[in-house]
Visitor: 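This is the structure I want to talk about, given as structure tokens.
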Amino acid sequence: MKYDFIIVGGGIVGLATGLNIIEKDPRKKILIIEKESAVAKHQTGNNSGVIHSGLYYKPGSLKAKNCIHGYNLLINFCKEYGVPFDLCGKIVVATDEKEIPLLKNLFERGAQNGLKDFKMLNEAQLKEYEPHVNGVAGFFVPQTGIVDYKVVAEKYADIFIQKGGELKLDEKVDDIRNSSDVTVVTSKSTYESKQLINCAGLYSDKIAKLTTPELNVKIIPFRGEYYKLRKEKEYLVKNLIYPVPDPNFPFLGVHFTRMMKGGVEAGPNAVLAFKREGYKRSDISFRELSETLAWPGFQKVAKKYWRTGLGEMYRSFSKAAFTKALQKLIPEIEEKDLVDGGAGVRAQACDRTGGLVDDFMIIEKPNVINVCNAPSPAATSSLSIGESVAALALKNG
Ligand SMILES: Cc1cc2nc3c(=O)[nH]c(=O)nc-3n(C[C@H](O)[C@H](O)[C@H](O)COP(=O)(O)OP(=O)(O)OC[C@H]3O[C@@H](n4cnc5c(N)ncnc54)[C@H](O)[C@@H]3O)c2cc1C
């Protein structure tokens with residue numbers, strides 16, 4: 001049997017894409033192939049669970065557009081299918097006067113991206129939202145929420161299957177040959193399809209390379225490690241508390257997040273992972289690490305961010321240093337209040353000339369669509385990214 005579309009990757013982006021296609025054209029034969037025994041085992045199931053409002057992203061960028069549109073689609077989806085979520089809002093906090101200009105820039109960016117009803121707060125007003133926070137100024141973003149993206153992804157998968165889509169688990173895509181049709185060779189079988197859609201997250205560059213040898217980006221894995229607040233200290237955080245991010249660094253800085261499944265997480269940091277799916281410090285793949293180190297773009301990134309990178313690495317090994325970073329936001333937190341909270345690994349594309357690719361990146365070739373950079377806020381944006389990729393795919397057949 002020949003498929004109309006084969007999608008590689010049962011993360012939230014691949015599932016949202018499959019769901020969008022089948023909803024637009026139920027006659028299409030679609031197969032999603034996932035190498036793990038369940039969906040959402042990687043980025044989708046190991047993230048902060050925040051429904052981002054669109055605050056941070058460059059106006060007009062794919063991140064800004066998809067986050068804002070995706071936010072609305074996601075909330076409607078959760079309401080329609082009974083997926084629990086909570087629009088609890090978040091505060092962004094400047095912990096000293098030097099951060100205030102950056103805080104104001106961020107506030108303006110939020111306004112440019114159409115956020116409403118958010119206002120600057122002074123020290124006393126911040127404490128009305130979060131009584132234990134330390135800050136000289138900040139603002140509250142009412143739109144921000146929390147959800148469990150694993151639950152969302154499982155729901156996308158259920159509906160996709162109910163509508164006639166096929167999902168194969170425990171099957172790894174090993175090779176793809178693109179001629180008049182696409183041949184997909186997996187660990188178990190060989191399939192034919194009219195088109196292939198690559199949503200392979202941490203391996204999206206490897207999958208793309210099979211049909212796009214000229215690909216100019218490589219995925220660099222950045223692990224984000226979390227601590228959890230001990231139950232008896234959860235009262236220190238009501239909802240979500242974020243620092244002012246370093247505008248030169250593509251991650252948001254360690255923050256506090258109340259989780260939909262219960263508990264409060266602190267993190268994630270951002271350290272180079274020595275293996276793409278390396279969730280522990282001790283996980284190393286010498287082949288993957290040497291590929292990262294040899295990538296000219298990575299060498300430039302390392303030169304640019306070495307100081308921040310070393311600081312993050314130090315915080316990864318030293319719980320005392322991690323605690324110190326958190327104490328900037330909540331001085332009452334002590335090292336003994338934190339227990340290990342697991343980790344996620346971000347798939348961040350890096351181009352050959354040394355830029356961490358800032359925006360989402362979708363590369364089209366005849367018969368093939370590669371989603372090559374879908375880091376945060378791609379979970380929030382998933383239905384919007386899925387809508388755009390589905391439109392491209394259906395336009396081609
Ligand atoms: C620490 C962390 C915190 C984050 N916080 C947030 C947040 O709060 N809010 C937000 O919106 N976003 C957040 N994100 C980003 C978000 O999780 C990702 O952008 C999103 O999950 C990407 O989804 P995906 O489907 O592209 O990738 P993934 O979820 O990684 O899915 C890719 C899938 O492809 C499969 N695959 C790979 N290679 C093959 C192969 N050869 N054959 C078959 N299958 C294959 C993998 O097994 C995997 O299941 C965070 C990410 C991390 C890591």
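Whatever order the structure lists ligands and atoms in, that order sets their numbers, starting from 1.
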Visitor: Relative to Y242, does K90 satisfy both conditions: NZ or CZ under 6.0 angstrom from the six-membered ring centre, and within 45 degrees of the ring's axis?
Guide: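 So K90 does make the cation-pi contact.
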
Visitor: Just list the N/O pairs, ligand 1 to protein, that are under 3.5 Å apart, with the distance for each.
Guide:
| residue | atom | partner | partner atom | Å |
| --- | --- | --- | --- | --- |
| ligand 1 | 5 (N) | S48 | N | 3.2 |
| ligand 1 | 8 (O) | V50 | N | 3.0 |
| ligand 1 | 9 (N) | V50 | O | 2.9 |
| ligand 1 | 11 (O) | A379 | N | 3.4 |
| ligand 1 | 11 (O) | T380 | N | 2.9 |
| ligand 1 | 11 (O) | T380 | OG1 | 2.8 |
| ligand 1 | 12 (N) | S376 | OG | 3.4 |
| ligand 1 | 17 (O) | Q43 | O | 3.3 |
| ligand 1 | 17 (O) | N47 | ND2 | 2.9 |
| ligand 1 | 19 (O) | A374 | O | 2.7 |
| ligand 1 | 19 (O) | P375 | O | 3.3 |
| ligand 1 | 21 (O) | T44 | N | 3.3 |
| ligand 1 | 21 (O) | T44 | OG1 | 3.1 |
| ligand 1 | 25 (O) | I12 | N | 3.1 |
| ligand 1 | 25 (O) | V13 | N | 3.0 |
| ligand 1 | 27 (O) | Q43 | NE2 | 3.2 |
| ligand 1 | 29 (O) | T44 | N | 3.0 |
| ligand 1 | 29 (O) | T44 | OG1 | 2.5 |
| ligand 1 | 30 (O) | Q43 | N | 3.2 |
| ligand 1 | 30 (O) | Q43 | NE2 | 3.1 |
| ligand 1 | 41 (N) | V173 | O | 3.1 |
| ligand 1 | 42 (N) | V173 | N | 2.9 |
| ligand 1 | 44 (N) | K35 | N | 3.2 |
| ligand 1 | 47 (O) | E34 | OE2 | 2.7 |
| ligand 1 | 47 (O) | K35 | NZ | 3.2 |
| ligand 1 | 49 (O) | E34 | OE1 | 2.6 |
| ligand 1 | 49 (O) | E34 | OE2 | 3.2 |

Visitor: Go through the side-chain N and O atoms of N239 and R258 and say whether any donor and acceptor fall under 3.5 Å apart.
Guide: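 Yes, a side-chain donor-acceptor pair sits under 3.5 Å.
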
Visitor: Any side-chain donor-acceptor pair under 3.5 Å between S48 and Y226?
Guide: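 Distance-only check passes for S48 and Y226.
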
Visitor: With distance as the sole criterion, is a donor-acceptor pair present between the side chains of Y191 and E171 under 3.5 Å?
Guide: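 On atom types as modelled, these side chains qualify, holding a pair under 3.5 Å.
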
Visitor: Can the positive tip of R276 be found less than 6.0 Å from the middle of the six-membered ring of Y203, inside 45° of the ring normal?
Guide: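 That pair qualifies as a cation-pi contact.
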
Visitor: Using a distance-only test with no angle check, is there a side-chain donor-acceptor pair under 3.5 angstrom linking S384 and Y71?
Guide: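 S384 vs Y71: no donor-acceptor pair found between side chains.
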
